[in-house]
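Here is the structure we will look at, set down as structure tokens.
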Protein chains: 2
Amino acid sequence: MNSTMPPIRTEPFKVACSSCNLRELCLPVGLSRNDLEQLDTMVATRRSVVRGDTLFRAGDAFQSLYAVRTGFFKTCVSAEDGRDQVTGFQMAGELLGLDGIGSDRHTVDAVALEDSQVCVIPYAQLEELSREFSDLQRQLHKIMSREIVRDHGVMLLLGSMRAEERLAAFLLNLTQRLQARGFSASSLILRMTREEIGSYLGLKLETVSRTFSKFQEEGLLEVKQRQIRIVDQDGLQKLVNGAAC
Amino acid sequence: MNSTMPPIRTEPFKVACSSCNLRELCLPVGLSRNDLEQLDTMVATRRSVVRGDTLFRAGDAFQSLYAVRTGFFKTCVSAEDGRDQVTGFQMAGELLGLDGIGSDRHTVDAVALEDSQVCVIPYAQLEELSREFSDLQRQLHKIMSREIVRDHGVMLLLGSMRAEERLAAFLLNLTQRLQARGFSASSLILRMTREEIGSYLGLKLETVSRTFSKFQEEGLLEVKQRQIRIVDQDGLQKLVNGAAC
DNA sequence: CGCGAGCTTGATGCCGATCAATGCATGTGG
DNA sequence: CCACATGCATTGATCGGCATCAAGCTCGCG
């Protein structure tokens with residue numbers, strides 16, 4: 001494994017956080033003008049990852065965090081026996097690599113589901129800078145804490161929801177995050193396969209497919225391959241809340 | 001909810017991290033003499049929680065982290081409809097409350113499964129101190145990152161393992177942590193009910209019970225209510241790795 | 001001593017996995 | 001431009017693991 005690394009393309013031209021249109025969603029949230037300019041000095045490079053390539057793999061040395069600038073990623077853990085589990089999907093403004101801090105090695109694979117760009121955030125510098133700027137420190141801590149809380153939500157989903165509830169929760173979460181980025185709340189194109197959705201939700205791809213079909217029959221969704229239109233958002237929400245009981 | 005808070009018992013006598021026998025497992029790992037003394041000034045109080053009581057509840061304002069000094073806790077998230085999910089079990093040296101940083105409110109309930117004591121770590125002070133002492137900062141980040149990694153492991157378990165594998169993984173994890181604290185690697189007393197184990201593992205209590213019985217029949221364990229003796233650790237390990245396939 | 005919380009065990013049923021076939025979209029080479 | 005391959009999605013039939021329902025059992029404790 002980790003045999004032949006593909007050449008890493010970095011683009012070291014100026015990509016200021018302070019003028020990034022994602023600054024209200026990304027690491028810079030809540031930072032002052034001054035703090036932002038400090039961030040700019042640190043986040044000096046981007047990196048492009050083509051669809052299907054990995055940004056990093058489990059076992060790789062941990063150096064940097066990555067903020068998704070454009071595109072879409074999944075992260076997977078895998079057990080020795082080959083089983084693997086998608087642990088999350090990341091879109092613009094979301095951070096990748098937090099798992100690596102604890103052991104100086106990444107513990108998941110991060111795979112681009114479409115051609116993507118990330119901002120490289122050298123971790124040593126981030127730690128240093130966050131010692132100086134308490135707002136940055138606070139923001140970093142919040143992001144990590146929220147990741148923990150998100151994971152707890154996934155555990156609840158995996159541990160106690162049924163297939164329909166899981167898929168409904170997944171779709172609502174996805175649209176909510178897309179909406180925060182200015183996309184439609186009701187219409188989306190899935191970046192991932194049925195199998196990847198299934199892995200994330202603890203279901204087999206056939207079950208995901210059947211559940212999509214069921215939702216369509218019930219008038220909750222319109223499904224055409226990866227194009228999804230949400231027809232009855234409240235209906236989905238009720239499923240998640242278990243109001244059916 | 002949160003109706004009548006029980007009186008909070010704090011014991012403000014000196015409980016120095018620098019002389020704590022958990023310092024190799026807890027927040028102070030890897031800190032220098034000097035850093036440790038700084039920690040001492042901050043972690044000034046303990047709090048006792050009797051079995052069945054909550055240390056904090058979802059929705060409570062977040063003020064402090066807590067390090068388990070003695071005893072045993074579980075943390076639970078709950079959905080609106082009442083379903084709840086145990087997200088973890090915490091023993092001596094482990095930190096509680098990280099979930100609260102992101103939103104200034106706790107998002108889980110922390111319940112003592114036996115009479116317990118925790119060290120109170122005022123979070124504002126911890127942030128401040130960790131700006132000054134980079135080793136402390138690094139340690140805090142590592143702890144948060146490891147929590148994320150742990151959660152990913154639970155997702156893998158919940159998403160792709162079968163009942164026997166889940167229980168085997170759970171037991172091995174538990175004994176490993178107990179062993180790190182100087183307890184036997186092969187003999188333990190469960191602090192939680194079958195139902196709580198089931199909630200953590202995404203199983204019903206009957207399934208947990210049956211699986212214990214099965215393990216006993218197969219000569220992997222001796223089970224007498226909550227007293228467990230691990231007879232064949234390798235056998236359990238093989239189950240987890242899916243080597244049975 | 002008897003009550004009750006928690007545990008065990010059995011019988012049955014259902015949800016989602018598995019196995020298998022077909023359909024649909026995209027891309028590639030003749 | 002068509003023929004075919006390939007990857008992904010859908011749908012059906014069947015199976016199995018775990019949930020559910022329902023009794024007893026154990027043990028600690030008032």
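Convention: sequence-line order gives letters A, B, ...; per-chain numbering from 1. Bear in mind that the values here come from a model prediction, so they are computed numbers and not experimental data.
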B/Tyr200 ring center near B/Phe89 ring center (under 6.0 Å):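 For B/Tyr200 and B/Phe89, the ring centres are under 6.0 Å apart.
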Atom [atom1] of [X] and atom [atom2] of [N]: how far apart are they, to the nearest Å?
X        : N      : atom1 : atom2 : answer
B/Lys214 : C/dT8  : NZ    : P     : 16 Å
A/Arg194 : D/dG7  : CZ    : C1'   : 13 Å
A/Glu195 : C/dA17 : CD    : P     : 12 Å
A/Met161 : C/dC15 : CE    : P     : 17 Å
A/Phe212 : D/dT11 : CZ    : P     : 13 Å
A/Ile197 : D/dC8  : CD1   : C1'   : 12 Å
B/Leu205 : D/dA19 : CG    : C1'   : 11 Å
A/Leu201 : C/dA17 : CG    : C1'   : 15 Å

OP1 or OP2 of [N] under 4.0 Å from side-chain N/O of [X]:
X        : N      : answer
B/Arg226 : C/dG6  : no
A/Ser209 : D/dC8  : no
A/Thr207 : C/dA17 : yes

From the set [options], return the single nucleotide nearest to any side-chain atom of [X].
X        : options               : answer
B/Lys204 : C/dT8, D/dT10, D/dA19 : D/dA19
B/Thr193 : C/dC7, C/dT8, D/dT10  : C/dC7
B/Arg162 : C/dT8, D/dC18, D/dT10 : D/dC18
A/Ser213 : D/dT11, C/dC15, C/dT8 : D/dT11

What do you reckon, is CD of B/Glu206 surrounded by more than 12 foreign heavy atoms closer than 6.0 Å?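 Check passes, neighbour count above 12.
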By the 4.0 Å heavy-atom rule, please label B/Leu203 as base, sugar-phosphate, or nothing.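 Answer is sugar-phosphate: B/Leu203 comes under 4.0 Å of backbone atoms only.
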Looking across every strand, which nucleic acid part, if any, lies under 4.0 Å from A/Gly202 by heavy atom: base, sugar-phosphate, or nothing?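 Sugar-phosphate, backbone atoms only, no base.
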Under the ring pair (Phe, Tyr, Trp, His ring centres under 6.0 Å) criterion, do A/Phe56 and A/Tyr66 qualify, and how do the steps go? CA-CA 10 Å; A/Phe56 53 79; A/Tyr66 304 92; 5.8 Å; yes
Taking only residues at least two apart or on different chains, which pairs with a member in residues 224-235 of chain B satisfy side chain to side chain donor-acceptor pair (under 3.5 Å)?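 Those involving residues 224-235 of chain B are B/Glu222-B/Arg229.
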Which heavy atom of A/Val118 sits nearest a heavy atom of A/Val68, and at what distance?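 That closest heavy-atom pairing would be CG1-CA, 4.1 Å.
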So which atom in A/Leu220 and which in A/Leu236 form the shortest heavy-atom distance, rounded to 0.1 Å?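 So the two residues come closest at CD2-N, 4.0 Å.
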Could you run through DNA chain C and flag its stems, i.e. three or more consecutive Watson-Crick or G-U pairs with both distances under 3.5 Å?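 So far as stems of 3 or more pairs are concerned, DNA chain C shows C:1-30 with D:1-30.
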Taking N and O atoms by type only, does the side chain of B/Arg210 place a donor or acceptor under 3.5 Å from a partner on the base of C/dG10?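 It does, because a donor-acceptor pair links the side chain of B/Arg210 to the base of C/dG10 below 3.5 Å.
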On a plain distance test, is the side chain of A/Glu206 in donor-acceptor contact with the base of C/dC19 below 3.5 Å?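 Answer yes: a donor N or O sits under 3.5 Å from an acceptor.
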Donor-acceptor pair, B/Arg47 side chain versus B/Leu55 backbone, under 3.5 Å?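 The answer is yes, because a donor-acceptor pair under 3.5 Å joins these two groups.
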Quick one: which of A/Ile121, A/Val120, A/Thr45 gives a side-chain contact (heavy atoms from CB on, under 4.5 Å) with A/Ser64?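 The option that passes is A/Val120.
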